[in-house]
Amino acid sequence: DCDNRVVRILGQGVPDPAPTFQTGEDGCCYQAILVDDPFGECIVGRPYLCDGAGVTAPASHAGAWVDIARAEHASIAAFARLQLDLMALGAPLYLLQEVAEALHDEVRHTAQVLAIASQLAEQTVSLGPFPFPDPVHPENDLAAMAHAAVREGCIGETLSALATRRAADACENPAHAEVLRAIADDEDRHAALSWRLVAWALDAGGREVRQAVIEAFQTPISPVHLPLLDDAVLAEVARGGLREVIEPAANALLA
């Protein structure tokens, strides 16, 4: 009973208690990946979220490449916060190392995109202080961290990598296209890191973590946004990514 379109039913139905259906009767529950249609809010890479809304630093200029730079810059903060979360949760060192490497990738992405934005503006484009809305507290709830990793990483970064690669293919400037392809390659690795992170959380946690991961995959996605591509192309990329990448990977993860 919702306005979302069911993309695919996943796996076999299992008995589920009444609260899932809010009907007062038990029923048969199926995992389903949903997609919000039409698209509304945006995801670019791994966002820095506060109360569900993305936060970015102010910029000295406006433009498509400036918006991309602001998003990449926010990803630095997102990975820094993730590093603290994982330390608070006792994550293994290999995950901490991969997150640190991803953070350095985002620093490089920001610098590369700002250089392109400055070239196009014919003057230096800069970003202001990052507006952290609240004091940053490490997340010590494994289920909440896994839920966020699915939304921001397994889904968000996977789709972001696909969209960025599509933008590179459509880019007429060879140098700019090369930067976009390099970013897409890094985003692929960041997405893979998120899948490994969630797999670790599933192994380390119990039923609560598994339910949080399932819920994260079932929740309708926010659409990818990339200023270099129009909405129709982005919608195509998102639907293809859900069907061909995220759905089979989620099935394997939860098998």
Side-chain angles (χ1 to χ4, degrees), residues 35-48 54-79 101-128 130 152-195 221-246 249:
V35 58
D36 209 1
D37 193 8
F39 293 102
E41 297 179 358
C42 304
I43 294 176
V44 184
R46 178 180 286 269
Y48 188 94
V55 178
T56 57
S60 60
H61 294 71
W65 284 92
V66 177
D67 288 343
I68 296 172
R70 294 172 69 199
E72 297 290 347
H73 182 249
S75 293
I76 300 171
F79 277 114
E101 291 169 354
L103 188 155
H104 291 148
D105 290 340
E106 300 297 355
V107 173
R108 186 177 68 257
H109 298 169
T110 304
Q112 291 172 324
V113 177
L114 278 176
I116 292 174
S118 297
Q119 179 187 50
L120 295 174
E122 298 184 341
Q123 55 186 304
T124 301
V125 176
S126 60
L127 301 179
F130 194 82
E152 300 168 22
C154 299
I155 297 176
E157 289 186 288
T158 297
L159 296 183
S160 177
L162 293 170
T164 303
R165 187 161 282 109
R166 177 68 71 90
D169 292 341
C171 186
E172 296 181 357
N173 184 305
H176 297 177
E178 183 178 356
V179 169
L180 289 171
R181 289 193 181 93
I183 291 175
D185 288 344
D186 288 340
E187 295 292 351
D188 277 339
R189 290 191 295 102
H190 299 173
L193 163 60
S194 293
W195 289 94
I221 67 166
S222 296
V224 177
H225 172 68
L226 190 63
L228 303 178
L229 294 175
D230 63 37
D231 290 344
V233 174
L234 288 167
E236 176 192 342
V237 169
R239 293 192 179 97
L242 281 170
R243 182 180 61 253
E244 299 169 13
V245 181
I246 294 170

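- Here the closest heavy-atom approach between residue Leu162 and residue Gly241 is recorded as CD1-CA, 3.6 Å.
- Of the inter-residue distances, the one linking Glu72 atom CD with Asp67 atom CG reads 12.0 Å to the nearest 0.5 angstrom.
- Counting only heavy atoms from C-beta outward, the side chains of Arg46 and Ser194 approach each other to under 4.5 Å.
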Legend entry - side chain to side chain contact (heavy atoms under 4.5 Å, CB included) assessment of Ile116 paired with Val113: CA-CA 5 Å; Ile116 292 174; Val113 177; 5.5 Å; no
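- Taken from CD in Glu178 to CG in Asn173, the straight-line distance is 10.5 Å, to the nearest 0.5 Å.
- A pairwise comparison of heavy atoms in Pro47 and Ala78 identifies O-CB, 3.4 Å as the closest pair.
- Nearest heavy-atom pair across Phe130 and Val55 is CZ-O, 3.4 Å.
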Inset, instruction - Show your working on side chain to side chain contact (heavy atoms under 4.5 Å, CB included) between Leu120 and His61 and close with a plain yes or no. - result: CA-CA 11 Å; Leu120 295 174; His61 294 71; over 6 Å; no
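- Leu229 contributes atom CG, which lies 5.0 Å from atom CG of Leu234 (distance to the nearest 0.5 angstrom).
- For the pair Ala57 and Arg70, the tightest heavy-atom approach, listed with the atom from each and the gap, is O-NE, 2.7 Å.
- Between Val233 and Asp230 there is a side-chain heavy-atom pair separated by less than 4.5 Å.
- The backbone N or O of Ser160 sits less than 3.5 Å from a side-chain atom of Thr164, completing a donor-acceptor pair.
- Side-chain contact between Trp65 and Gln119 is absent, with no heavy-atom pair separated by less than 4.5 Å.
- Arg166 pairs with exactly one of Val237, Leu228, Leu180 by the side-chain contact (heavy atoms from CB on, under 4.5 Å) rule, that one being Val237.
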Inset, instruction - Take Arg165 and Asp188, measure what side chain to side chain contact (heavy atoms under 4.5 Å, CB included) needs, and give me the verdict at the end. - result: CA-CA 10 Å; Arg165 187 161 282 109; Asp188 277 339; 3.1 Å; yes
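- A side-chain donor from one of Glu106 and His109 sits under 3.5 Å from a side-chain acceptor of the other.
- To the nearest 0.5 Å, atom CG of residue Leu159 and atom CD of residue Glu187 are 11.5 Å apart.
- Residues satisfying the salt bridge (Lys or Arg N to Asp or Glu O under 4.0 Å) criterion with Asp105, sequence neighbours excluded, are Arg108, Arg189.
- Taking OG1 of Thr110 as the start and CD1 of Ile68 as the end, the distance is 11.5 Å to the nearest 0.5 Å.
- Here OH of Tyr48 is found 12.0 Å from NE2 of His73. Values are rounded to the nearest 0.5 Å.
- A distance-only check finds no donor-acceptor pair linking the side chain of Ser126 to the backbone of Ser60 [under 3.5 Å].
- What you find for Ala69 and Leu114 is that their closest heavy atoms are CB-CD2, 3.7 Å.
- Looking at every heavy atom in both residues, Ala121 comes nearest to Val125 through CB-CG2, 4.1 Å.
- By the side-chain hydrogen bond (donor to acceptor under 3.5 Å, both in side chains) test, Glu244 is found to be paired with no residue, residues two or more places apart in sequence or in another chain being considered.
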